Amino acid sequence: MLLLRRCSLLVRFTGVSSTVLSKCRFYCRNVGNKLRICEVMSSEEIGRNIRIQGWVRSVRSQKDVLFLHVNDGSSLQSLQVVASPSLDDRHLTYGSAVEISGNLIKSPHKKQSVELQADNIRVVGPCDPVVFPFKIKERHPVEYIRQFPHLRCRTNSFGSLLRIRSEATAAIQSFFKENGFVQIQTPVITSNDCEGAGELFQVEPATREKQQADEKSHFFSVPAFLTVSGQLHLEVMAGAFSNVYTFGPTFRAENSQSRRHLAEFYMVEAEISFTESLEDLMKVMENLFKTSTECVLAQCSEDIDLFHKYVSPGHKDRLNRMLQNEFKVISYTEAIDVLKQSSQTFNFKPEWGCDLQTEHEKYLVQHCGNIPLFVINYPYDLKPFYARDNEDGPQHTAAAVDLLVPGVGELCGGTLREERLHLLQSRLDRARMTDTYQWYLELRQFGSAPHGGFGMGFERYLQCILGVDNIKDVIPFPRFSHSCHL
């Protein structure tokens, strides 16, 4: 009604034609009866005149009746449409975009309670099923689907993945909000290398000429990179807020096309002030995993079931086992002892002082009954400059923790941060990074509190709950070396 009044005013004051106004009125009449298919499937208003928009998933034309299944992405289920053969159209094919209006009636079929008795079918966008790469009623392998990043959202499995991903995002945000965390939008462009691995994408204007390679020519006056982590910026905010988090894209210039690596992926990172205990971090990690997963299971049960039935049979029981048991805890030193005593032959020999490889992480989880496992107190020299020194011996360790989960390996990684100025200063001096991180030292000079934090790879989280082996199959547009075509 408000829109109609505005249209009338438009005619009075601008002289818009009555034809335009009539179209406006037509639009206003139809806005109210348009429904998403997920709303239609749960509707009990039999006899109601409605309008739907979506894409045809199947067409079956008989002598006396035309059957369609239409999906709009709001649900795994498609709505059955029953129509007169007179409404058939040569462009009404698998994959075509349609708008259909008619009456909602009770369905005689057990699998759905309602169906749409169509009185009008309009093909909005035709689709040639001969050249369309996905064929009706054919279950395509993920390797085939992966070849079509611009079209794979049309498949059932990837549509389910995207709904799950959306719900998981909302569940994680809700967890942090309900637990008193303040969301911080950390920058994508930064001068910091938080991880210290050097696998960075440098940022410069595309018009910059090669001969202007000296430092003075940098757009930001200093070398700038795509972020590998928002942690250091969260630590800044942890000087004013007790609990903060960020959720956004991160980038690693790893020249890898493996199942585990992406050049662009999403990270959930949290920072907690006034804590001197790894147990505090571990409690948040475990609660985040369990609460978010239970929410996703409740909101996306059909989509989750599709994965657990067709993509990763048996994973449902493994996931329930993760949710029903308390996560276990062992030290890095204990983990190395377990690996050394194993009869399994590893590609990388486990030795104290060496980082755990994926094969080690997966074995440790299996050894602990396929229950998520916290490994704590890593060798001091393995961890970045900000990790808190445990000041122990003879094996020198840092207050660090990794969460290992079945099928994936490392899901979360975190540390207590070194809040003692003299120890932090000494380590930065040894690494010759004092000038670069002078601002970081100043955080310890002005009202610093003991604090710690962690990061969780969002795509790895999805792999864990769905049982998906390849990380490229849980992100809409995977970016990795030699692949950025869309």
Side-chain angles (χ1 to χ4, degrees), residues 172-173 175-184 186 194-195 229-239 241-247 250 267-293 322 325-335 355-356 361 364-365 368 371-380 382-392 397-405 408-420 423-424 443-444 448-458 460-461 464:
I172 289 169
Q173 301 272 20
F175 170 84
F176 282 117
K177 183 177 181 179
E178 291 174 5
N179 284 276
F181 283 75
V182 175
Q183 184 178 15
I184 305 295
T186 55
C194 180
E195 298 294 322
S229 171
Q231 178 210 312
L232 298 183
H233 296 96
L234 282 184
E235 285 198 63
V236 171
M237 298 302 173
F241 301 91
S242 298
N243 300 308
V244 291
Y245 80 100
T246 190
F247 190 170
T250 54
M267 284 284 287
V268 181
E269 299 178 87
E271 201 72 24
I272 303 164
S273 296
F274 299 98
T275 180
E276 299 179 73
S277 166
L278 284 177
E279 285 75 14
D280 290 342
L281 301 185
M282 290 152 55
K283 182 178 179 180
V284 176
M285 289 186 207
E286 183 169 351
N287 289 342
L288 170 64
F289 179 88
K290 290 182 174 179
T291 303
S292 300
T293 303
M322 293 185 229
N325 288 276
E326 288 188 11
F327 294 179
K328 297 187 176 182
V329 184
I330 63 171
S331 70
Y332 169 89
T333 301
E334 292 170 329
D355 213 347
L356 297 178
E361 295 168 348
L364 289 168
V365 174
C368 293
I371 294 171
L373 171 69
F374 289 111
V375 179
I376 63 173
N377 297 329
Y378 279 75
Y380 180 78
L382 284 181
K383 293 302 172 181
F385 67 88
Y386 49 74
R388 194 177 199 277
D389 189 347
N390 281 333
E391 296 187 291
D392 53 357
T397 67
V401 55
D402 285 348
L403 174 59
L404 313 182
V405 294
V408 173
E410 181 187 345
L411 175 64
C412 301
T415 68
L416 295 180
R417 318 308 188 193
E418 184 57 81
E419 85 285 1
R420 295 162 294 185
L423 292 178
L424 183 59
L443 295 179
R444 273 59 177 174
S448 178
H451 60 286
F454 67 90
M456 179 179 78
F458 184 54
R460 288 192 179 182
Y461 167 73
C464 178

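Here the structure is a predicted model, which means the values were calculated and not measured.
Atom CG of Leu404 sits about 11.0 Å away from atom SG of Cys464, to the nearest 0.5 Å. Taken to the nearest 0.5 Å, the OH atom of Tyr245 stands 10.5 Å off from the CG atom of Leu288. Taken to the nearest 0.5 Å, the OG1 atom of Thr186 stands 6.5 Å off from the CD atom of Glu269. Between Glu178 atom CD and Asn287 atom CG the span is 12.0 Å, to the nearest 0.5 Å. In this structure, Leu281 CG and Thr415 OG1 are separated by 8.0 Å, a value rounded to the nearest 0.5 Å. Taken from CG in Leu443 to CG in Leu232, the straight-line distance is 9.0 Å, to the nearest 0.5 Å.
Leu356 places a side-chain heavy atom less than 4.5 Å from the side chain of Leu364. Residues Gln183 and Thr246 fail the side-chain proximity criterion, which asks for heavy atoms closer than 4.5 Å. Put simply, the side chain of His451 reaches to within 4.5 Å of the side chain of Glu235, judged on heavy atoms.
The aromatic ring centres of Phe247 and Phe458 sit less than 6.0 Å apart.
When all heavy atoms are compared, the tightest approach of Asn243 to Asn179 is ND2-O, 4.3 Å. Between Ser292 and Ile172, the shortest heavy-atom distance links the atoms OG-CG1, 3.6 Å. Across all non-hydrogen atoms, the minimal contact from Met282 to Val329 is CE-CG2, 3.4 Å.
Applying the side-chain contact (heavy atoms from CB on, under 4.5 Å) test to Ala238 and every residue at least two apart in sequence or in another chain returns Glu271, Ser273. Residues satisfying the side-chain contact (heavy atoms from CB on, under 4.5 Å) criterion with Ser448, sequence neighbours excluded, are Glu419, Arg444. Taking the ring-ring contact (aromatic ring centres under 6.0 Å, His included) definition, one finds that Tyr380 meets it with His396, sequence neighbours left out.
Ring geometry for Phe327 against Phe374 counts as tilted: the plane angle lies between 30° and 60°, on a 0 to 90° scale. Between Tyr461 and Phe289, the ring planes are perpendicular. Angles over 60° get that label, and only those under 30° would be called parallel.
Salt bridge status for Lys283 with Glu279: absent, with no side-chain N to carboxylate O gap under 4.0 Å. Using a 4.0 Å cut-off between charged nitrogen and carboxylate oxygen, Glu391 and Arg420 count as a salt-bridge pair. Ion pairing between Lys328 and Glu326 fails under the 4.0 Å rule for side-chain N and carboxylate O.
Results of the side-chain contact (heavy atoms from CB on, under 4.5 Å) test with Val268 over Phe175, Phe176, Phe454 single out Phe176 as the only residue that passes.
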**Request:** Take Asn377 and Thr397, measure what side chain to side chain donor-acceptor pair (under 3.5 Å) needs, and give me the verdict at the end.
**Result:** CA-CA 6 Å; Asn377 297 329; Thr397 67; 4.8 Å; no

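Tyr332 and Asp402 share no side-chain donor-acceptor pair at under 3.5 Å.
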